[in-house]
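Before any comments, here is the structure.
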Number of protein chains: 2
Amino acid sequence: MSSESLATRGGTTSAQVRKDLSFFGSFGKRGLGYPVADLAGKLRDILGLNRRYRLAVVGAGKIGSALVRYRGFRQRGFDIVVMFDSDPAKVGGEVEGMPVRDAERIEDYLTADPVDMGVIVVPGDQAQRVADRLVGCGVKAILNFAPAPLAVPDDVALKNVNLALELEALSFALANR
Amino acid sequence: MSSESLATRGGTTSAQVRKDLSFFGSFGKRGLGYPVADLAGKLRDILGLNRRYRLAVVGAGKIGSALVRYRGFRQRGFDIVVMFDSDPAKVGGEVEGMPVRDAERIEDYLTADPVDMGVIVVPGDQAQRVADRLVGCGVKAILNFAPAPLAVPDDVALKNVNLALELEALSFALANR
DNA sequence: GTTTGTGAAACGATTCACAGCT
DNA sequence: AGCTGTGAATCGTTTCACAAAC
């Protein structure tokens with residue numbers, strides 16, 4: 001498949017596809033294009049997707065429970081293995097078959113049974129403290145849904161998702177036409 | 001408040017804050033900084049946040065129902081007013097008090113009761129069709145959770161959210177340290 | 001003395017365009 | 001003839017640094 005057809009499918013340009021791929025190596029053949037199955041396999045290696053990841057979700061609220069229920073994560077190799085909340089009414093209960101553990105005991109659980117990534121789904125004012133504790137437990141990757149900028153050490157990967165902010169960006173687009 | 005303290009709170013730099021604000025006008029006083037309440041009000045005007053927006057959610061699956069339950073949207077001025085699904089088992093039912101309408105009748109509902117934004121939470125292979133129909137109903141802003149690149153006219157604002165992709169980015173970071 | 005607003009410089013990312021391989 | 005891989009050119013964004021305003 002040519003960089004041009006890959007680009008069309010991915011919503012980008014052929015030059016972009018070639019430049020991006022060339023950063024990691026030379027995967028295509030001139031005059032022929034890229035061998036798709038082969039390329040996909042190599043990209044999965046580069047992205048570290050040929051293994052499963054263990055995730056802890058902190059926060060059993062609306063978004064947290066949706067993530068536990070969402071099948072897409074498991075399908076792609078991301079297993080939510082433990083869930084925490086600080087609300088006594090939720091601790092001890094279940095969310096879609098997943099027991100809700102006491103957030104005060106994060107260290108106990110994650111020391112006994114370490115995870116690869118943490119997902120923060122708590123109110124903004126609690127997010128930094130949760131992040132600190134996850135980092136303290138050796139978590140090296142955090143997905144943060146809380147609307148607060150988190151400070152983490154350089155060796156911890158951090159991605160932020162802010163749904164309200166996405167809607168506000170759409171609001172701006174609508175307000176300026 | 002100075003651009004420096006705004007920057008610290010926002011996780012950016014003072015030069016960035018000043019450049020970004022200067023794009024829209026001159027809001028501060030030299031030697032003094034920015035009047036916070038005043039600035040916030042002006043930014044809300046610029047972002048079009050001094051009104052409420054009506055949203056349609058298409059897809060009553062795991063993520064779709066979480067969005068309906070999530071209070072953050074309503075708090076920030078985004079009201080989900082109608083929900084659609086194509087699964088006959090779901091149509092006619094409710095998700096957190098929100099009736100689920102037949103996705104085949106999107107046009108009927110949105111013509112009678114127009115919305116400002118559409119949220120697409122359907123499987124990837126149905127997303128483009130849903131987007132086309134929303135656009136046909138005059139929707140000018142779309143938030144897409146489906147893992148598919150959508151084509152929409154230039155005058156329609158589009159934002160994509162792909163949660164699995166965020167996790168894969170963390171995977172890449174972990175695999176390359 | 002402090003801090004903004006903004007040209008200019010530096011940086012990074014995208015696009016161009018073509019030599020070189022199939 | 002077709003398509004990659006990649007330097008060079010272009011474009012957009014971020015950072016620098018300082019005159020002007022308070």
Side-chain angles (χ1 to χ4, degrees), chain A residues 1-47 149-152 154-155 157-162 165-166 168-173 175-177, chain B residues 1-47 149-152 154-155 157-162 165-166 168-173 175-177:
Chain A
M1 184 174 282
S2 69
S3 57
E4 182 57 40
S5 36
L6 288 170
T8 303
R9 296 200 183 203
T12 180
T13 66
S14 60
Q16 188 74 74
V17 169
R18 293 199 303 279
K19 255 285 191 285
D20 285 0
L21 291 178
S22 79
F23 181 81
F24 294 105
S26 181
F27 304 109
K29 284 228 187 315
R30 295 173 194 227
L32 277 179
Y34 299 87
V36 176
D38 205 58
L39 177 61
K42 294 206 172 98
L43 289 179
R44 290 186 64 80
D45 283 342
I46 290 166
L47 293 170
L150 297 185
V152 295
D154 283 349
D155 68 334
L158 173 67
K159 293 288 274 181
N160 293 291
V161 175
N162 189 331
L165 214 54
E166 305 287 344
E168 294 185 356
L170 290 178
S171 166
F172 175 63
N176 295 276
R177 65 177 60 261
Chain B
M1 185 175 282
S2 69
S3 57
E4 183 56 40
S5 37
L6 288 170
T8 303
R9 297 200 182 203
T12 180
T13 66
S14 60
Q16 188 74 74
V17 168
R18 293 199 303 277
K19 256 283 192 282
D20 285 359
L21 291 178
S22 78
F23 181 80
F24 294 106
S26 181
F27 304 111
K29 285 234 187 312
R30 296 174 194 223
L32 277 177
Y34 298 87
V36 175
D38 206 59
L39 177 61
K42 294 209 171 94
L43 290 179
R44 291 187 63 82
D45 283 342
I46 291 166
L47 294 171
L150 297 184
V152 295
D154 283 348
D155 68 334
L158 173 66
K159 292 289 274 181
N160 293 291
V161 175
N162 189 332
L165 213 55
E166 305 287 344
E168 294 186 356
L170 290 178
S171 166
F172 175 62
N176 295 275
R177 68 177 58 259

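Side chains are part of it too, since the values below use all heavy atoms of this structure and drop only hydrogens, waters and symmetry mates. Below, chain A is the first sequence line, B the second, and so on; all start at residue 1.
- Between atom CG of residue A/Leu47 and atom CZ of residue A/Phe24 there is a gap of 7.0 Å, rounded to the nearest 0.5 Å.
- Distance OG1/A/Thr13 to CG/A/Leu6: 11.5 Å, rounded to 0.5 Å.
- For A/Glu4 and D/dT4, the CD to P distance is 9 Å, given to the nearest whole Å.
- As judged by a 4.0 angstrom heavy-atom cut-off over every strand, B/Ser14 is placed among residues making no nucleic acid contact.
- Counting all heavy atoms, side chain and backbone alike, B/Ser3 lies closest to B/Arg18 at OG-NH1, 3.1 Å.
- Atom-to-atom, CZ of A/Phe27 to P of D/dT6 comes out at 11 Å; the value is rounded to the nearest Å.
- The distance from atom NZ of A/Lys19 to atom C1' of C/dA13 is 10 Å, rounded to the nearest whole Å.
- For C/dT4, one of the phosphate oxygens OP1 or OP2 lies less than 4.0 angstrom from a side-chain nitrogen or oxygen of B/Ser3.
- The phosphate of D/dT13 (OP1 or OP2) has no side-chain N or O of B/Gln16 nearer than 4.0 angstrom.
- Positionally, the nearest nucleotide of DNA chain C for A/Ala15 lies more toward the 5' end than for the other of A/Ala15 and A/Leu32.
- The phosphate of D/dG5 has OP1 or OP2 within less than 4.0 Å of a side-chain N or O from A/Tyr34.
- With rounding to whole Å, B/Phe23 atom CZ is found 14 Å from C/dG7 atom P.
- A donor-acceptor contact under 3.5 Å is not formed by the side chain of A/Arg30 with the base of C/dT22.
- Remark: B/Lys159 NZ to A/Glu168 CD distance equals 11.5 Å, nearest 0.5 Å.
- What separates CZ of B/Arg18 from C1' of D/dC18 is a distance of 11 Å, to the nearest Å.
- The residue among B/Asp20 and A/Leu21 whose nearest nucleotide of DNA chain D lies closer to the 5′ end is A/Leu21.
- Atom pair B/Lys29:NZ and C/dT3:P shows a separation of 16 Å (rounding to whole Å applied).
- For A/Thr13, the listed nucleotide lying nearest its side chain is C/dT15; candidates were D/dG5, C/dT15, D/dT15.
- With hydrogens and angles left out, the side-chain atoms of B/Thr8 and B/Ser5 include no donor and acceptor closer than 3.5 Å.
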